[in-house]
Amino acid sequence: MPPATQPLRLDTAGGFVPGAAVAGLTIAAARSTAREGLLYVTFANAHVLDFALNWVDHMVLLDLRNFLVGALDGKALAHLQNQGIPCFAAYQQNSSISQSEGAFQPGSEAFGDMVRLRLALAAAVGAWGLDLVICDVDTLWLRDPGDFFDTHMRADVLVASEALSTTSEDGEEALEQPAALLSPLSTGLLFLRHGAGAAAALAAWMAAAAADPATADHVHFAALARHGRRASPRSVLGRLGARRLGSRGGGVTLASRPGDARLALGFGGATAVGVLPLAAFGNGHTFFVQRLHESMRVMPYAVHAGSSAAGGWATRRHRLREAGLWFEDAALREDAGRFLDDQRTQYLALSLNLSSGWETWDPLAAAGDQAAMLAYHREHLQQQLDQLGAALAMSAVMRLPLILPQFVCYCDVACGKAAERCRRPGAEGMILPFTCPLDYILQPGRLDDDPARFGPALDVRERSFLDHPRAAWLTQAKSADVFPLREEVPATRLMSSALWLRGRLVVPRFAPAEQLANIFEEHAQVRLLRLNDASNMFGNPGGARAGLRARLEHLQEGCVAGSKGAAAAGGASAGAFRTYSLLPKLMRERRTPSLAHNGGERASDGASSAEDGMAADIGDSLAAGAAAATSEAHYGWQGQGGSEGLLPVD
């Protein structure tokens, strides 16, 4: 049983009364762990234990071993201790914190207690003469920030930002201008220098949280940090450029601290507060979407994955995987073991085919035609969804893992809202198009939840999967590009198997799922199958139709780009959005491509039973023609110039 922690002791004003221990952390443990007077602390319960392990991996990689993880329940504590990770029991038995099985919801008893715990611990560490970095468990460190903190010795408190624009210049790692305090702030990453300034800030913050526990802690912090001595607008805002904060401050400015113009005197003038540079300490939008660190040529120190990112822990986890920042991945180890043990294991990898590119986008972007830009974005996003939906269906039916591609977005649209020139308010300088995270396309947390209700779970890998050092076993295996036939070929000229042409595996167009599964099984020596033009490759899913439809529609429910929920959310561009669909063509359209002898199409009434029957007829026709198609020559027909006519145009 974990040791009982000392109850938090507050004075009548809500301030902390320091002692030898607080929230399970002793002064001896804190001082022995700290390095050069600096200590890093994060917290985790069993619900986010994998995030804690990933956080530790990053700390160890940087040789930042002056850290402690506060366990918020017994399961997390036991696992951390078994792994030999420096930790402490930051909870009391049968408390609201220890009994909370998921995330702490603002306004709940557990959330209020967690805020009080964090603030009490921060105050205690400062009273013990130590500087503290306290951060959320989804804040990852990418560089050692020790020297950066040392360059701002006059700062009492440094806080991260949730803004979408910066006040810094390209290549600059200095703090944001004091006006950045007027933008949204993130208390998920705080640096606190021990001393009177930080102590005053924490005491005021604790008092505010005690008086109004229903309000989020970062709201209290922001209001207090902005409460300080006023200064003339010219002294603070005069140097802000076109992509900076502009007029957002409403005329409210703070006096800078003498000796460091990037620090503001907040908390009634008692505390020197600075905002960490947005490019170097990224949030969910500036790091994963804008990639501000790249455009400003700055090496990032940290990223807070949860900041500015909707969708919960599943979205954050997948974003970190996409960025190659998820080290603690059991799936990679399981994949390696399965691949090495089973010589028939195969992986699908979706390669996107887009109809046009920069040459057609650039004139629209230069003209700034919002309607035309949105229309272009919608068209190209649906092209990608057509291919993704087919690939997901193939993966589910064949029970093969799918490696996702890099998706391209031409407008930064979320929940039906887009600012002028397809950028969000505050991100007017964002470069378009951009590589959009998976959560701009679908909800990662719904890929495999509740199969009994939502259909077969989808087994996917992030777009950076093959770049991971632990996936070298797959990159070194035999691979092939898979293409569908360019045209619907007369059934008497087709085999039920595929054809190798110019080093590519060519499969029938709109092939039924069972046929594609047989083809891939016949080529089991090919371990990585790269799917090209997938939307014209996959045919009828057979008996899996209803489950696949439920799963694919479930992925787009809620607030994702272009969904029904997004259009209903309103905003500047909501009226311009139509509903996107992940359903493959044969599951979405009121027609079924036919592989009849004339290569034409015949109408369908849209009913599942009619489509299934037609697909069965197509499969029978393909099988009947197998005997006639005994060589590559049989794949040519009049006007197609032999087998070359089967291949897609390069």
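Reckoned from all heavy atoms, side chains included, excluding hydrogens, waters and symmetry mates. Everything numeric here is computed off the predicted structure, so don't read it as measured data.
We find the SG-CZ distance between C411 and R424 to be 12.0 Å, quoted to the nearest 0.5 Å. In this structure, D448 CG and D459 CG are separated by 8.5 Å, a value rounded to the nearest 0.5 Å. The structure places CD1 of I403 at 5.5 Å from CG of L528, a figure rounded to the nearest 0.5 Å. In this structure, T315 OG1 and D439 CG are separated by 4.5 Å, a value rounded to the nearest 0.5 Å. In this structure, CZ in F51 is found 6.0 Å from CG in L320, a value given to the nearest 0.5 Å. Note: M430 CE to R291 CZ = 10.5 Å, rounded to the nearest 0.5 Å.
No option in H285, R423, H377, R421 other than H285 meets the side chain to side chain donor-acceptor pair (under 3.5 Å) test with D412. The side-chain contact (heavy atoms from CB on, under 4.5 Å) test with V60 is passed by exactly one of V56, L64, D63, D57: V56.
Side-chain N/O atoms of D138 and H304 include a donor and acceptor closer than 3.5 Å. T286 and N283 form a side-chain donor-acceptor contact under 3.5 Å, judged by distance and modelled atom types alone. A side-chain donor-acceptor contact under 3.5 Å links Q382 and D386. When only modelled atom types and interatomic distance are considered, R530 and S479 share a side-chain donor-acceptor pair under 3.5 Å. At a cut-off of 3.5 Å, with distance as the only test, no side-chain donor of E176 or S161 sits close to an acceptor on the other residue.
Using a 4.5 Å heavy-atom cutoff, the side chains of E162 and H218 are not in contact. You'll find the side chain of D481 stays beyond 4.5 Å of the side chain of L505, heavy atoms only. At a threshold of 4.5 Å between non-hydrogen side-chain atoms, the residues P433 and W361 count as touching. Side chains of V133 and V41 form no contact here, defined as non-hydrogen atoms less than 4.5 Å apart. At least one side-chain heavy atom of Y440 sits under 4.5 Å from a side-chain heavy atom of V289. Between L350 and L388, some side-chain heavy-atom pair lies under the 4.5 Å cut-off. Residues R504 and V482 fail the side-chain proximity criterion, which asks for heavy atoms closer than 4.5 Å. Counting heavy atoms from C-beta on, the side chains of V69 and F43 never come closer than 4.5 Å.
S395 places a side-chain N or O within 3.5 Å of a backbone atom of L400 that can act as its donor or acceptor partner. Using modelled atom types, no side-chain atom of E173 and backbone atom of P277 make a donor-acceptor pair closer than 3.5 Å. With T166 contributing its side chain and L278 its backbone, the two residues share no donor-acceptor pair below 3.5 Å. With hydrogens and angles disregarded, no donor-acceptor distance shorter than 3.5 Å links the side chain of N532 to the backbone of F483. Judged purely by atom type and a 3.5 angstrom limit, W55 uses its side chain to pair as donor or acceptor with the backbone of T139. A donor-acceptor pair under 3.5 Å links the side-chain atoms of R446 to the main chain of H554, judged by distance alone. Remark: side-chain polar atoms of N54 are paired, donor with acceptor, to backbone N or O of L325 under 3.5 angstrom. One N or O on the side chain of Q346 and one on the backbone of V526 form a donor-acceptor pair closer than 3.5 Å. Put simply, the side chain of Q384 gets close to the backbone of H380: a donor and an acceptor are under 3.5 Å apart. No donor-acceptor distance shorter than 3.5 angstrom exists from the side chain of E322 to the backbone of P437, with no hydrogens or angles considered.
A cation-pi geometry, defined here as NZ or CZ lying under 6.0 Å from the six-membered ring centre and within 45° of its normal, holds between R143 and Y301. Figure legend: cation-pi geometry between R316 and W313, with NZ or CZ positioned under 6.0 Å from the six-membered ring centre and within 45° of its axis.
A salt bridge is absent between D450 and R551; no separation between the charged side-chain nitrogens and carboxylate oxygens falls under 4.0 Å.
The aromatic rings of F465 and W473 lie perpendicular to each other, with more than 60° between the two planes, well past the 30° mark.
The minimum heavy-atom distance linking P145 with W141 is given by the pair CG-CZ3, 3.4 Å. Across all their heavy atoms, L552 and G389 have their closest contact at CD1-O, 4.2 Å. Heavy atoms only, all atoms of each residue included: P444 and H318 are closest at CB-CB, 4.2 Å. Heavy atoms only, all atoms of each residue included: A302 and L189 are closest at CB-CD1, 4.0 Å. Taking every heavy atom of both residues into account, S165 and G426 meet most closely at CB-O, 2.8 Å. Closest approach of D533 to N353, counting heavy atoms only: N-OD1, 2.8 Å.
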Please test L53 against I85 for side-chain contact (heavy atoms from CB on, under 4.5 Å), starting from the C-alpha separation and ending with a verdict.
CA-CA 9 Å; L53 299 177; I85 294 172; 3.6 Å; yes
Residue pair F221, V157: steps toward the side-chain contact (heavy atoms from CB on, under 4.5 Å) verdict:
CA-CA 11 Å; F221 178 92; V157 178; 3.9 Å; yes
Using ring pair (Phe, Tyr, Trp, His ring centres under 6.0 Å), reason through F148 and F281 one step at a time and then give a plain yes or no.
CA-CA 11 Å; F148 178 88; F281 295 82; 5.3 Å; yes
So L140 and H58, side-chain contact (heavy atoms from CB on, under 4.5 Å) or not? Walk me through it.
CA-CA 7 Å; L140 297 183; H58 280 265; 3.6 Å; yes
Worked check of side chain to side chain donor-acceptor pair (under 3.5 Å) between T187 and D217
CA-CA 8 Å; T187 53; D217 60 323; 3.3 Å; yes
How far apart are the C-alpha atoms of F288 and V303, what are their side-chain angles, what is the distance that settles it, and do they pass the side-chain contact (heavy atoms from CB on, under 4.5 Å) test?
CA-CA 9 Å; F288 298 106; V303 55; 3.8 Å; yes
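The 12-atom threshold is not exceeded at CD1 of I431, counting heavy atoms of other residues, nucleotides or ligands nearer than 6.0 Å.
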